[in-house]
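Here is the structure we will look at, set down as structure tokens.
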2 protein chains.
Amino acid sequence: MARSGTSRRLVGDGDVGGRSARTRSLLVDAAIETLKEEGFAGASARAIAARAGCNQALIFYHFGSVANLLLAALDAVSVARRERYAEAVEGATSPAELVDAAAAIFAEDLEAGHATVLVEMIAGAASTPGLGAEVGTRIGAWRGFAEQAIDSAAAGTPLAALFPAGEFAHGVVALYLGLELLSHLEGDRAAALRLFERAKRLALLVERLGPPATSPTALGETR
Amino acid sequence: MARSGTSRRLVGDGDVGGRSARTRSLLVDAAIETLKEEGFAGASARAIAARAGCNQALIFYHFGSVANLLLAALDAVSVARRERYAEAVEGATSPAELVDAAAAIFAEDLEAGHATVLVEMIAGAASTPGLGAEVGTRIGAWRGFAEQAIDSAAAGTPLAALFPAGEFAHGVVALYLGLELLSHLEGDRAAALRLFERAKRLALLVERLGPPATSPTALGETR
DNA sequence: GTCTATACTTGGATAGAC
DNA sequence: GTCTATCCAAGTATAGAC
């Protein structure tokens, strides 16, 4: 947005490793941390800059506005987590395996505060005109990912017929966000994790109702 | 908190119908409306007072702080909705009937913005020390209500054995909050309501797996 | 690119007139 | 109980020195 043209290192658009990139990265990390610990309402330019150990004016130089920096923070979290998600979901070929992968991912997100960043940005978007649309497209990408993972893991099970992957994904993302809200509020992650245990058993139940056609262990038996 | 002792009408603690009570009510309503439309971060004393059509200083006179007024707003929504919930859930004696009642309630909450107030308060609590605990006890009451409703509607069905009401209630409240976040963000209530259709079918499925012992139509047949 | 300094706005909160 | 006036802290954003 305000990328200057007078960089000493001529490394083009990326400027990776340059001083500018380093500051941007510091600010993005500080913004993430501030969203986690102070929430959207506490994520002011001054608060973020103090955490980054640099001057408040740099936020406007590099990002133009606080809202833009917060969006960059949301993007950073999204990119980092999507890589991890793809890796975790890769090996899941049945509903139960997908639940296991989701449980592991979600436990990490709760523990590290990644989910908090999403929730604070969604809830906070209401106070800044235009921010809602920007956040919406980013969350839409998460739901798309969930839909794809569910679609491929549910293939061949009765779930695919009973519950369209798109609707299911919407519910999963909502549950993810809601569990984060409650966990954060009550300082208790265990209640959320117990639900994944239940989901696992339900998934095994669903698998038994119909043979998972794509699973390598599909032999037509019920157990 | 700052209830004066020099009221002209000597009506004790309530002061119902007095000028003071009227102003307090106006402020609480305005706070609710502001939370819905501007979010927690936009719910400043000035913004709320402007909506209430009165002076900003009155907030501090009547409630001591903005945070206290917002808590009073949360209480007002909780009380009003709890009455409605109790009425809606009263007639539900089976899982499917409870889902129907919940769907009706939730549609109202989404439409009127009651759910938004909850979500904004939970997410916003992170920025104000001490607020989280206050909000937490209020949300805890909602989960308690859900648990009780689920417990009595699930009695006699296989659900009761497979899924403790407490855990189930936690998931339901989380889903409620998450669906509100997504609905509000994407301006689309339909996606959330479709999930209740699916839940209804699942509830009917569960009822068929085992006879609902407490239901008046329980005759031991499968259909 | 980063800092200091500063302009200007908004927000929380209180004092005192009515 | 309500209003006006005001103080002060904190916020966004920009200008200009280095």
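Each chain gets a letter, A, B and so on, in the order the sequences are listed, and its residues count up from 1. The basis for the numbers below is simple: all heavy atoms, side chains too, and nothing from hydrogens, waters or symmetry mates.
Shown here for B:Phe40 and B:Glu120, the closest heavy-atom pair between the two residues is N-OE1, 2.9 Å. Across B:Asp75 and B:Arg138, no two heavy atoms sit closer than the pair OD1-NE, 2.7 Å.
The CG atom of B:Asn68 sits 13 Å away from the P atom of C:dG12 (whole-angstrom rounding). Summarising the geometry, the separation between CG on B:Asn55 and P on C:dA15 is reported as 16 Å, rounded to the nearest angstrom. Here C:dG1 presents its P atom at 19 Å from CD of A:Gln56, a figure rounded to the nearest Å. Regarding B:His62, its NE2 atom lies at a distance of 15 Å from the C1' atom of C:dA13, rounded to whole Å. Regarding B:Leu69, its CG atom lies at a distance of 15 Å from the C1' atom of C:dG11, rounded to whole Å. The interatomic distance linking B:Ile59 (CD1) with D:dT2 (C1') rounds to 13 Å, in whole Å. When the P atom of D:dG1 is taken as reference, atom CZ of B:Arg24 falls 10 Å away, rounded to whole Å. Across the protein-nucleic acid pair, A:Leu58 atom CG and C:dT4 atom C1' stand 12 Å apart, rounded to whole Å.
Closest to the B:Ala57 side chain, of the nucleotides D:dA15, D:dT4, C:dA13, is D:dT4. Of the candidates D:dG1, C:dT2, C:dC3, C:dC3 carries the atom nearest the A:Cys54 side chain, counting heavy atoms from C-beta on. Among the nucleotides D:dT2, C:dG1, D:dA5, the one closest to any side-chain atom of B:Arg19 is D:dT2. Side-chain atoms of A:Phe60 lie closest to D:dT14 of the nucleotides D:dT14, D:dG1, C:dT2.
Between B:Glu180 and B:Arg189 there is no salt bridge, since no side-chain nitrogen of the basic residue lies less than 4.0 Å from a carboxylate oxygen of the acidic one. In this structure, B:Glu87 pairs ionically with B:Arg84, as a charged nitrogen and a carboxylate oxygen lie closer than 4.0 Å.
For A:Thr23, no side-chain nitrogen or oxygen approaches OP1 or OP2 of C:dG1 to under 4.0 Å. An OP1 or OP2 oxygen of D:dG11 is reached within less than 4.0 angstrom by a side-chain nitrogen or oxygen of A:Ser44.
Using modelled atom types and a 3.5 Å distance limit, the side chains of A:Asp109 and A:Tyr85 yield a donor-acceptor pair.
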